[in-house]
Amino acid sequence: MAKHETPLLDELEKGPWPSFVTDLKQQAETKPECWDILGQLELSYKDRITHWKHGGIVGVFGYGGGIVGRYSDVPTRFPGVEHFHTVRIAQPSGLYYTTENLRALMNLWEKYGSGVTNMHGSTGDMIFLGTRTENLEPLFWDLTHDLNQDLGGSGSNLRTPSCCLGDSRCEWACYDAQEVCNSLTQRYQDEIHRPAFPYKFKFKFSACPNDCVAAIARSDFAVIGTWKDSIRIDQAAVQKYIANDSEYPSNAGAHKGRDWGKFDIQKEVIDLCPTNCMWMEGNELKIDDAECTRCMHCINVMPRALRPGAEKGASICIGAKAPILDGAQFATLVVPFIEVNAEDDFQGIVDMIEKVWDWWMEVGKNRERVGETMQRIGLPTFLSVMEIEPMPQHVKEPRSNPYVFWKEEEVPGGWERDVVAFRKRHAA
Amino acid sequence: MGYDPNNPMEGRITDLGPRYYGDFLPPVIKENKGKWLYHEILEPGVLMHVSETGAKVYTVRCGSARLLTVNRIRLICDVADKHCDGYLRFTTRNNVEFMVDSKEKVEALKATLKSHGTTFPIGGTGACVTNIVHTQGWVHCHTPATDASGPVKAVMDDLFEYFGSMSLPAQVRIALACCLNMCGAVHASDIAILGIHRKPPMIDNDRITGVCEIPLAIASCPLGAIKPAKATNSAGEEVKSVKVNAERCMFCGNCYTMCPAMPLADPEGDGIAILVGGKVSNSKSAPKFSKLVVPFLPNTTPRWPETVACVRQILEAYAKDAKKYERVGEWAERIGWEKFFEKTGLPFTEKSIDDYRLAYDTWRTTTQFKFTSHTAAYTK
């Protein structure tokens, strides 16, 4: 029996896409607070404005993040959502679950919360949406003691790192994204739970340049798989693609739904190569790998014929963020190639991360993402802090203005001069 | 023994981190991790990955609303228990993936999924519109300029045919963020639906003393539009407050994030902007930002018809005109943005001309352009 009339939301039960309204209504049969979620949302649909108050700091003892406080601004009408705090649960790397674990989490959330989740939040955490302050400690107790699980990050700390599924089910993975993501998440538990940074900091791990977790767009520290040798070619398979063998569909079958005509290697691969470094020599596909920028297009189109090289690793790009305040930034290439090695506990990456943090925690302003600090201080200074020699790969093109910040020690004789002596030679 | 409120630190466990992913991998995945040779999309929503050991894993991908209840997740678990030995995964775009280790099992799995009505739409692979990455909106957020789950549902209902097919020139990534904070990171999406405000913040002089650090509120404004000021609260008392130079406001809402006494949401002021042409992948062209092509569409609840129509209009023009493999942004750059506006039929307004910092980077400083309907006044 509906506790609130929801004529506007009822319109969102129509149509072929899964309806969150239908789902909430069904859940309301056993979790009556879901009626108040629907009731307040209906009011927002009527008023065309949110009915959640700003802020409210809540959490569990000893942590400075992981829970986001939320209160209704119409609690007397919708008491079931008076408190509606979010609990972020750290997700397993690659988002695989056993049903045993998912069911245990759902039992926990049914007991202590609204029964509503997001699978998953934008940063990657599993999101439990809506509980009361007094439930937080018992929930955390059961989460840690019974499920051996933990909260994720929120606020000015390391946010829960996330990764693509890596080599668990992808032939293009250039490193084990799950392993490095999990390992560094464990290593930096203190930084995730206890805010000590100027602002949020995100790691994201994509195991190839297709970048399925949007590391270059969304993370302060992006580790994106690449290789340093040559694309591996199976010439026999190239011939299969050229012959339009049905077992070898172009782009792994991604274009099967429209008749684009016969696959044409010249038009679809060679001519679309951004560096024009491919050609046919008789029946052989040739690649001048020294000119290749490893964009993945040819590999994406002919996955059975072409594979990333065998000497794999990652590029590190730093400083991406969404637009608030000075506009969106992509991450800037800082380290062209680094080996991603579980045997030394990813020491190369760890060293880079900690160098960035040491610097940013000292010079970063309140609520300044590291990409903004880099902009404010300048890439040359950032590179010198990182002890990385500047190279043309760090820029798209050289600067077009001449305003170089020369350092005094770079100029013979320094900057101290005697204007009196100068005037003796040069009358004013 | 459970949590003891009288002794909260007793027996406390912290810093466990996430569960180890290796414990959650289906056997065929675990055995072939790092050994995959190639994959093929057999049909929309069905992937086959082949290992160098000869093993194969078949994945059936289903859309989800992202906002899922305990009930719904238990149903997902039921499917995975029945067909997938109790394993499943989610994708970064809120899809659910069910994996089986032989082709025979795929049909039975699909039959179960289809038996649940609209719950498990199969698709989201290849040259399609896959699930929309989105934020919380009015369901849970305190700063939104639009809802998230509602517009997403309406857009996906309308584009449903593109979720379960692979007929587009390339994959089209749609994302929705309900305010400029962009938790949904729509800044690099083929089509971005972005909640925006259009009214400057109000100042709540009854609240500002208690809830704001005024210097932080002033510093939060990227345009220096907020100044300290004396004001009178409703009790007639003089309080330290702030003043907003409305002409300078760009409606980013950062002041409200810092100061709860400066709300700016408004039913008439708020709505949606559409940005297009962003991408994340490095394939062919470098990652690109999305560009603003429609400055404002109203929050017409419950189904945002203007937004739904606009997204379709862009998608159909792209589907008709772009070349195979071309992403929306690559198409727009090849034909030129003037042609983009002509072919989509979207009106070009001054609001698409950048006048923020570094604006000059986007102004045209060449005589190379195309004559379109926009230049008709000069050429007739």
Side-chain angles (χ1 to χ4, degrees), chain A residues 8 11-12 15-18 20 23 27 44-45 48-50 52 54 90 92-99 102 106 110 115 117-119 122 137-138 141 144 150 167-168 171 178 185-186 189 209-211 213-214 216-218 252-258 260 295-297 303-304 322 325 328, chain B residues 3 8 13 15-19 21 24-25 29 33-34 36 38-41 49 65-73 77 80-81 86 89-90 92 118 126-127 138 142 144 149 153 156-157 160 165-167 181-183 185 187-188 222 260 265 267 280-284 287 299 301-302 324:
Chain A
L8 292 168
E11 292 297 313
L12 291 171
W17 190 249
F20 69 99
D23 190 5
Q27 188 67 57
S44 279
Y45 270 56
R48 294 185 294 141
I49 197 164
T50 191
W52 299 108
H54 187 308
S93 293
L95 306 178
Y96 290 88
Y97 292 92
T98 58
T99 54
L102 264 186
M106 291 307 106
E110 188 173 51
T117 80
N118 289 149
M119 299 296 280
S122 291
E137 287 291 352
W141 178 280
T144 49
D150 200 352
D167 64 358
S168 72
E171 66 269 26
Q178 286 175 299
T185 306
Q186 293 294 356
Q189 282 294 298
N210 283 327
D211 196 358
V213 281
I216 205 162
R218 305 186 61 170
H255 287 90
K256 280 178 182 174
R258 195 199 291 193
W260 291 94
C295 86
M296 291 297 293
H297 175 69
R304 298 190 71 169
L325 285 164
Chain B
Y3 173 68
I13 304 175
D15 299 281
L16 291 169
R19 288 286 298 272
Y21 66 91
F24 290 169
L25 300 178
I29 295 289
K33 189 173 191 292
W36 299 105
Y38 69 92
H39 77 283
E40 183 182 337
I41 306 169
H49 287 82
R66 186 180 89 126
L67 193 158
L68 298 172
T69 64
V70 164
N71 268 352
R72 187 62 56 98
I73 292 169
C77 289
D81 282 340
R89 74 174 290 269
F90 291 83
T92 53
T118 60
W138 296 333
H142 62 298
S149 293
K153 161 76 173 146
M156 285 310 290
D157 277 342
F160 192 69
S165 62
M166 302 191 291
S167 61
N181 281 324
M182 285 200 198
C183 300
H187 58 290
V280 164
S281 157
N282 285 277
S283 179
K284 300 195 301 296
N299 277 330
T301 57
K324 190 177 178 189

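Convention: sequence-line order gives letters A, B, ...; per-chain numbering from 1.
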task: Measure the spacing between CZ of B/R19 and CG of A/D150 and express it to the nearest 0.5 Å.
output: 12.0 Å
query: Do you know which of A/M106, A/M296, A/H54 has the most heavy-atom pairs with chain B at a distance under 4.5 angstrom?
result: A/H54
- request: Identify the two heavy atoms, one from A/A322 and one from B/N181, that lie closest to each other, and give their separation to 0.1 Å.
  value: CB-O, 3.7 Å
task: Could you have a look at B/M156, B/M182, B/K153, B/H187 and say which one has the most heavy-atom pairs with chain A under 4.5 angstrom?
output: B/K153
field: Whether B/D157 side chain and A/W17 backbone form a donor-acceptor pair below 3.5 Å
entry: yes
query: chain B heavy atoms under 4.5 Å from A/L325: which part of the residue, side chain, backbone, both or neither?
result: both
query: Given a strict heavy-atom distance threshold of 4.5 Å, which part of A/T98 is in contact with chain B: side chain, backbone, both, or neither?
result: both
field: Among A/A214, A/S168, A/A328, A/S44, residue most engaged with chain B (heavy-atom pairs, under 4.5 Å)
entry: A/S168
For A/E171, side chain to side chain contact (heavy atoms under 4.5 Å, CB included) partners two or more places apart: A/P303, B/W36, B/Y38, B/H39, B/H49
- line: Assert top hit (heavy-atom pairs under 4.5 Å, partner chain A, pool B/P287, B/G126, B/P222, B/P8) equals B/P287
field: Interatomic spacing from CG in B/L67 to CE in A/M119 - rounded to 0.5 Å
entry: 12.0 Å
- prompt: So how far is it from A/L95 CG to B/R89 CZ, rounded to the nearest 0.5 Å?
  reply: 6.0 Å
query: If you take all heavy atoms of A/P92 and B/Y21, which pair is closest and at what distance?
result: CB-CA, 4.5 Å
Contacting moiety of A/E11, where chain B heavy atoms sit under 4.5 Å: both
- prompt: Quick one: CZ on A/F20 to CG on B/L68, what's the gap to the nearest 0.5 Å?
  reply: 12.0 Å
Interatomic distance, A/E110 atom CD to B/T69 atom OG1 [nearest 0.5 angstrom]: 10.0 Å
task: Heavy atoms only, distances under 4.5 angstrom: which of B/M166, B/K284, B/R66 has the most pairs with chain A? Name it, please.
output: B/R66
query: For A/T50, which residues count as a side chain to side chain contact (heavy atoms under 4.5 Å, CB included) partner, sequence neighbours excluded?
result: A/W52, B/W138, B/P144
- prompt: Do you know which of A/C295, A/A90, A/G253 has the most heavy-atom pairs under 4.5 Å to chain B?
  reply: A/C295
message: Quick check for you: among A/L8, A/T117, A/V213, A/T144, which has the greatest number of heavy-atom pairs under 4.5 Å with chain B?
response: A/T117
message: For a 4.5 angstrom cut-off between non-hydrogen side-chain atoms, does B/V70 reach A/Q27?
response: yes
query: Of all of B/N282, B/D15, B/I41, B/T301, which one pairs up most often with chain A through heavy atoms under 4.5 Å apart?
result: B/D15
- request: Could you tell me which portion of B/S149 (side chain, backbone, both or neither) has an atom closer than 4.5 angstrom to a non-hydrogen atom of chain A?
  value: both
message: I need the residue from B/P267, B/A65, B/A80, B/S165 with the largest number of non-hydrogen atom pairs under 4.5 Å to chain A.
response: B/P267
statement: Ranking B/A127, B/P260, B/C183, B/A265 by heavy-atom pairs under 4.5 Å to chain A gives rank one to B/P260
query: Side chain, backbone, both or neither: which part of B/I73 has an atom under 4.5 Å from a heavy atom of chain A?
result: side chain
field: From A/N210 atom CG to B/S281 atom OG, the distance as rounded to the nearest 0.5 Å
entry: 4.5 Å
